[in-house]
2 protein chains.
Amino acid sequence: MSDSPVKEAPPQDFDALRTAILERKGELPKRLTQVAAYALDHPDEIAFGTAASIALSANVQPSTLVRFAQHFGFDGFSGLQLLFRARLRERTSSYEDRLRTLEQDGAALAESTTIFNGFVAAAHRSIDSISAAVEPDAFERAVTLLAKAETIYLIAKRRSYPISSYMAYAFGKLKVRCQLVGTSAGIDDDMLAMATNRDAAFAISFSPYASESAAQARMMASRGIPVVSLTDSAFSPLAECSAEWFEVVEADHAGFRSLSASMAFAMALTVSIAEKRRRG
Amino acid sequence: MSDSPVKEAPPQDFDALRTAILERKGELPKRLTQVAAYALDHPDEIAFGTAASIALSANVQPSTLVRFAQHFGFDGFSGLQLLFRARLRERTSSYEDRLRTLEQDGAALAESTTIFNGFVAAAHRSIDSISAAVEPDAFERAVTLLAKAETIYLIAKRRSYPISSYMAYAFGKLKVRCQLVGTSAGIDDDMLAMATNRDAAFAISFSPYASESAAQARMMASRGIPVVSLTDSAFSPLAECSAEWFEVVEADHAGFRSLSASMAFAMALTVSIAEKRRRG
DNA sequence: CCGCCACTGGAATGAACATTCTATATTGAC
DNA sequence: GTCAATATAGAATGTTCATTCCAGTGGCGG
């Protein structure tokens, strides 16, 4: 009893655990060695399975798993399992742990620095996620579609507007004809009315969706004008009326999103379109 | 009872489920739609969480999750959860070979894919570089300076305009008074003339520098109005007349720059200012 | 205006689960 | 060879969880 409260601290991340296991694997009892080997060989099983199912496939008793976890300082098996799950999550976005370290520093730093670091990390994650989410084939189809349009109509309101306005600027430089919709009040619908089916539209809208943008995109689609869209959820009203649509989930910091990933996407699209045109 | 045993078969993999959800999202009741949106937007949460924890963060009842799963032919929530877990298992590998394609650039890939990858990589580099280049102390001083201004004048033309327009949008949401300069032709100087030394300005300009922006910033400075600026070189005309200035070098791809890093910086600044004000 | 039906929230239920406990087995020392 | 100490198996326990059930609500058609 006298020394049991002196619990050694459990490893905080998967790598630390892995190291600890390898260090101590020589001095571990037979069954625990067995568990150790199984854990390192089948980490996914540990992450998803229940104690019973893991015990079965590792040929040990469930209680052995618990004792194994306790040997490494965890309260029980569940605590250990968390590390295996966290590992799977982070596989996807390697910047998540960096973000966490940044957030931990928070205490000593000025608040503005914390916010800055937060946005930098969020931007990184967003860009990782967009590069995973965009299908090269779909992107190519969207480029083809927009490249053969006579005029590209850019539909965007509110938060999305800065993106379309930069696209309009770049299109101008690249000598691609485009029409920015949503700039000054009132005349939007008149401009859209001039679109023919030799044109195409690119719409951007993030939650909460501006109902106008959705309505305008739908209208274009119903007139046979192909619509490509960028949005943040498969549930966006834009998705259903678009010939091609892309999902970008901007990671947020404290509820605010920077448009970093969307900007990268928009530029890639813009330049790709111009390039495709230039080649005929 | 007569037809309830005729259960429709549940989707067998994540993509099938996703498709099914999107198909039926129109005819789903309110709460189930909410779950559907949450599920597609936060698949990782569903994979790892418990029904209770997921219900909490999706703002529904646990029972709703079960009903949702049953609507799609599963026995219960657990069956649906299996799909989300399977997806995560598979993604580990698919994410890795996505990275591999990113590296073996050019060879067999469509040009648009190369361009896309290029912009993603450029965005990453830009953000890395800005997080290294911005001095926390200078950032803090800039925030302090702008936070105590009555009105913040945002000066930006051309390529920088999308950034300032997003800042203006965010400031609006955050109830910080600001004035966007450079929007419609002609009245800029009149607006700036109204600025007092209780105000402040934030100017953005990248090479090739719009001479107007530089002139306007200089004019503000000469009237004792503090100017903070974001630019891409120490030789920028903005640097010399600014109380604080920051350098962001957007990595370019094929000569075109996305504004990813500038956007992250702008949002960090905007939110920091609002936060500082809120605290008094 | 009334009654029906689908939807929803919340509590009740029962199953699955991790953990603990105890009897038994194994190991190593003297 | 015997004893002590540690490890292990398997049953018992108490908790957490998904699921079910029921009452209340709102909307729609008669």
Side-chain angles (χ1 to χ4, degrees), chain A residues 1-5 7-8 10 17 21 24-39 42-43 45-86, chain B residues 1-5 7-8 10 17 21 24-39 42-43 45-86:
Chain A
M1 283 288 277
S2 59
D3 57 344
S4 80
K7 254 190 295 195
E8 86 188 284
L17 173 63
I21 290 177
R24 296 173 53 178
K25 80 171 181 194
E27 65 202 49
L28 247 36
K30 188 176 144 208
R31 283 288 123 98
L32 297 195
T33 311
Q34 199 174 328
V35 172
Y38 184 87
H42 309 277
E45 285 304 315
I46 307 256
F48 290 116
T50 70
S53 69
I54 297 166
L56 190 71
S57 72
N59 288 310
V60 296
Q61 291 292 324
S63 52
T64 307
L65 294 177
V66 175
R67 278 184 291 114
F68 177 78
Q70 286 167 344
H71 266 249
F72 286 92
F74 297 95
D75 276 355
F77 173 70
S78 305
L80 176 140
Q81 197 176 31
L82 285 182
L83 258 59
F84 281 78
R85 295 190 166 178
Chain B
M1 282 292 278
S2 59
D3 55 346
S4 77
K7 253 190 297 194
E8 86 189 282
L17 173 63
I21 291 177
R24 296 171 53 178
K25 81 171 187 190
E27 65 201 48
L28 247 37
K30 186 176 145 209
R31 281 290 119 97
L32 297 194
T33 310
Q34 198 174 329
V35 172
Y38 183 87
H42 309 275
E45 286 303 314
I46 308 257
F48 288 117
T50 69
S53 70
I54 297 165
L56 190 70
S57 71
N59 287 310
V60 297
Q61 292 289 327
S63 51
T64 307
L65 294 176
V66 176
R67 276 197 291 267
F68 176 78
Q70 286 168 343
H71 266 249
F72 285 93
F74 297 95
D75 276 355
F77 174 69
S78 305
L80 176 141
Q81 197 177 32
L82 284 181
L83 259 58
F84 282 79
R85 295 189 167 178

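Lettering follows sequence order; numbering is per chain, from 1. As the structure is a prediction and not an experimental result, all values here were calculated from the model.
Rounded to an integer number of Å, the gap from CZ of F74(A) to P of dA18(C) is 16 Å. As a whole-Å value, the separation of F68(A) CZ from dT20(C) C1' is 19 Å. The CD1 atom of I54(B) sits 11 Å away from the P atom of dT19(D) (whole-angstrom rounding). Between the P atom of dG10(D) and the CG atom of L65(A) lies a distance of 14 Å, rounded to the nearest Å. Per the geometry, CD1 belonging to I46(A) stands 14 Å off C1' belonging to dA18(C), to the nearest Å. One interatomic measurement links the two molecules: CG of L82(B) to P of dA18(D), which rounds to 12 Å at whole-angstrom precision. When the P atom of dC28(D) is taken as reference, atom NZ of K30(B) falls 13 Å away, rounded to whole Å. Between the CG atom of L32(B) and the C1' atom of dA6(C) there is a distance of 11 Å, rounded to whole Å.
Closest contact between the side chain of P29(B) and the listed nucleotides dG10(C), dT8(C), dT19(C) involves dT8(C). Of all nucleotides listed (dT19(C), dT20(D), dT19(D)), dT19(C) comes nearest to the side chain of S78(A). Checking dT8(C), dT20(D), dA18(C) against every side-chain atom of V66(B), the shortest atom distance belongs to dT20(D).
Mapping E27(B) and S63(B) onto DNA chain C via the closest heavy atom, the residue that lands nearer the 5' end is E27(B).
Q70(A) has a side-chain polar atom (N or O) that falls below the 4.0 Å cut-off from OP1 or OP2 of dT20(C). Between R67(A) and dT8(D) there is a side-chain N or O to OP1 or OP2 distance below 4.0 Å. At least one side-chain nitrogen or oxygen of Q61(B) sits closer than 4.0 Å to the OP1 or OP2 atom of dG10(C).
Although no hydrogens or angles enter the test, the distance criterion places no donor-acceptor pair under 3.5 Å between the side chain of E45(A) and the main chain of I54(A). Judged by distance alone, with hydrogens and angles left aside, the side-chain atoms of Q81(A) form a donor-acceptor pair with the main-chain N or O of I46(A) at under 3.5 Å.
Side chains of V60(A) and F68(A) form no contact here, defined as non-hydrogen atoms less than 4.5 Å apart.
Between the CG atom in L80(A) and the CD atom in Q70(A) there is a gap of 11.0 Å [rounded to 0.5 Å].
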Quiz item: Can you check side chain to side chain contact (heavy atoms under 4.5 Å, CB included) on Y38(B) and L65(B), steps first, answer last?
Solution: CA-CA 11 Å; Y38(B) 183 87; L65(B) 294 176; over 6 Å; no
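Residue T64(A) is in sugar-phosphate contact alone, with no base atom involved, counting any heavy-atom pair closer than 4.0 Å across all strands shown.
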